[in-house]
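Data block below; observations after.
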Amino acid sequence: MPFIAEQLFLLAINPQTAKPYYRAATALPYALNGALLAELMINGNIELQHKKAVVVNEDTHDPLLKQTLARMKEKKPRSLKYWVQGLSSSRTQQEVAALLEEQDQLTVRKTRFLGLFPSYEYHLERNDLHAHAYRLFRAVLDKIGRKEPLDREEERYAVLLAFLHTSKLLPLIFKKRAEAREAAAHLKQISKDLPVSAEVKKTIDAMETAMIVATTTIVVTSNSSSSS
C-alpha cells in the first residue's frame, strides 16, 4: 500500500474539476499532516509520551517523512494536535502532490486565479480509484465485522478509512448511505474491542481528536474574521 497521505490525496481529488472535493477542502490539508504523523507512528518513528509526540527513531528512506521528522526535531515535543496544525499545510499538500507526480499517478498544473493568486489542478492518471478503494475497504470492513485480526496492511487501510471519515469523504467511497453509516460505526469499534495493534488504536484516536480540533479552530477563526 502506498503511504496513507498519498492514498488520501488521490481519493480526495475530484476527477471532474482536478481539485479537491469541496466537502474536503477545509479538512484535507490538516488530514494530510495527520496522515504523515500516523505513518510515522505506525512505523515506530514517533510515539506518544505524556500526550506529546516524541521522535524515537529517525530511520526512514522516504524524503517526505524525513522532512516531517526534521521539522518535529526542531521543536520540543508537542501534542499531535499541535503538529496537525503546526506543520505547513500548504507545503504538505504540494509536497504530496509532487511525490505522486514523480510516481506518474497524477499531473500537477499551476494556474493563476484572477491572474494573481496561484492555483493548482491535479489531473489523475486513473479514473477508477474510488471503485478500487471500495473493494479494498469492503474487505477490511467485513473482517472488522467478524472481529477477525487485521494484518499490517489492513490496519493501515483502517487508518486511511478513519481519515476519509474525518475529511467527510466516506460517502464518495460508499455510495449507499447504509454502507457509509456501517463504515463509520466500525471505525468507532476499532478503539474499543477490535484486535488491532496498540499503535493503530492510538493513531486513530489521537488523530481524530486532533483533526476535529484543528478543523473546528479554522472554521471558528474564519467565521470570526468574516464577522469583523
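Counting begins at 1 with the first residue of the sequence. Computed from heavy atoms alone, side chains included, the values below leave out hydrogens, waters and symmetry copies. Computed from a prediction, not measured in an experiment: that's the story for all the values here.
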- Got more than 12 heavy atoms from elsewhere within 6.0 Å of NZ, K51? no
- Message: Using modelled atom types and a 3.5 Å cut-off, is there a donor and acceptor pairing between side-chain atoms of E95 and backbone atoms of L64?
- Response: no
- Item | From CA spacing to verdict: side-chain contact (heavy atoms from CB on, under 4.5 Å), K76, R78 | CA-CA 6 Å; K76 64 182 182 180; R78 303 290 183 93; 3.7 Å; yes
- Note on the structure: Residues passing the salt bridge (charged side-chain N to carboxylate O under 4.0 Å, His left out) test with E58, sequence neighbours excluded, are K73
- Heavy-atom pair with the smallest gap, counting every atom of L11 and Y21: O-CE1, 3.8 Å
- Task: With rounding to the nearest 0.5 Å, note down the distance linking CG in L65 to CG in L40.
- Result: 5.0 Å
- Item | N43 side chain near T60 side chain, heavy-atom distance below 4.5 Å | no
- Query: Taking all atoms of both residues into account, what is the closest heavy-atom pair of K168 and R23, and its distance?
  - Reply: O-CD, 2.7 Å
- For K143 and L150, work out which heavy atoms get closest and say how close. CB-CD2, 3.8 Å
- Query: Does I13 reach the side chain of L129, with side-chain heavy atoms less than 4.5 Å apart?
  - Reply: no
- Message: Are the side chains of I42 and E155 in contact, using a 4.5 Å heavy-atom criterion?
- Response: no
- Item | L8 side chain near L28 side chain, heavy-atom distance below 4.5 Å | yes
- So, do F9 and L106 sit near enough that their side-chain heavy atoms are less than 4.5 Å apart? yes
- Apart from V56 itself, which Ile, Leu, Val, Met, Phe, Trp or Tyr residues share its cluster (side-chain heavy atoms under 4.5 Å, direct or through members)? V54
- L32, L100, L160 screened by side-chain contact (heavy atoms from CB on, under 4.5 Å) with E6, the one that passes: L100
- Item | Trace of the side-chain contact (heavy atoms from CB on, under 4.5 Å) decision for L37 with M72 | CA-CA 10 Å; L37 294 167; M72 296 180 73; 3.7 Å; yes
- So, for P29 and Q93, which heavy atoms are closest and what is the spacing to 0.1 Å? CG-OE1, 3.7 Å
- Item | Y120 side chain reached by K19 side chain, heavy atoms, under 4.5 Å | no
- Note on the structure: Taken to the nearest 0.5 Å, the spacing of E101 CD from Q103 CD works out to 11.0 Å
- Message: Let's go through E39 and R156 carefully: what are the C-alpha distance in whole Å and the side-chain angles of both, what is the deciding distance for side-chain contact (heavy atoms from CB on, under 4.5 Å) to 0.1 Å, and is it a yes or a no?
- Response: CA-CA 8 Å; E39 198 82 53; R156 295 176 74 240; 2.5 Å; yes
- Query: When rounded to the nearest 0.5 angstrom, what distance separates OG1 in T68 from CG in N45?
  - Reply: 10.0 Å
- Query: Hey, are the side chains of D151 and E154 touching, using non-hydrogen atoms and a 4.5 Å cut-off?
  - Reply: yes
- Query: What's the shortest heavy-atom distance between K110 and P118, and which atoms?
  - Reply: CE-CB, 3.7 Å
- Item | Spatial distance of atom CD (E182) from atom CD1 (I144) [nearest 0.5 Å] | 9.5 Å
- Message: Nearest 0.5 angstrom please: N33 CG to Y30 OH, how far?
- Response: 8.5 Å
Show the atom names and distances, to 0.1 Å, of all donor-acceptor pairs under 3.5 Å that link a side chain in residues 171-181 to residues at least two apart or in another chain.
residue, atom, partner, partner atom, Å
K175, NZ, L172, O, 2.8
E179, OE1, Y134, OH, 3.1
E179, OE2, Y134, OH, 2.6
E179, OE2, R138, NH1, 3.0

- Item | Gap between atom OH of Y157 and atom CD of Q7 - 0.5 Å precision | 5.5 Å
- Note on the structure: Smallest heavy-atom separation, F137 atom then L161 atom, equals CD2-CG, 3.6 Å
- Message: Within the 4.5 Å heavy-atom criterion, are V108 and E121 side-chain neighbours or not?
- Response: no
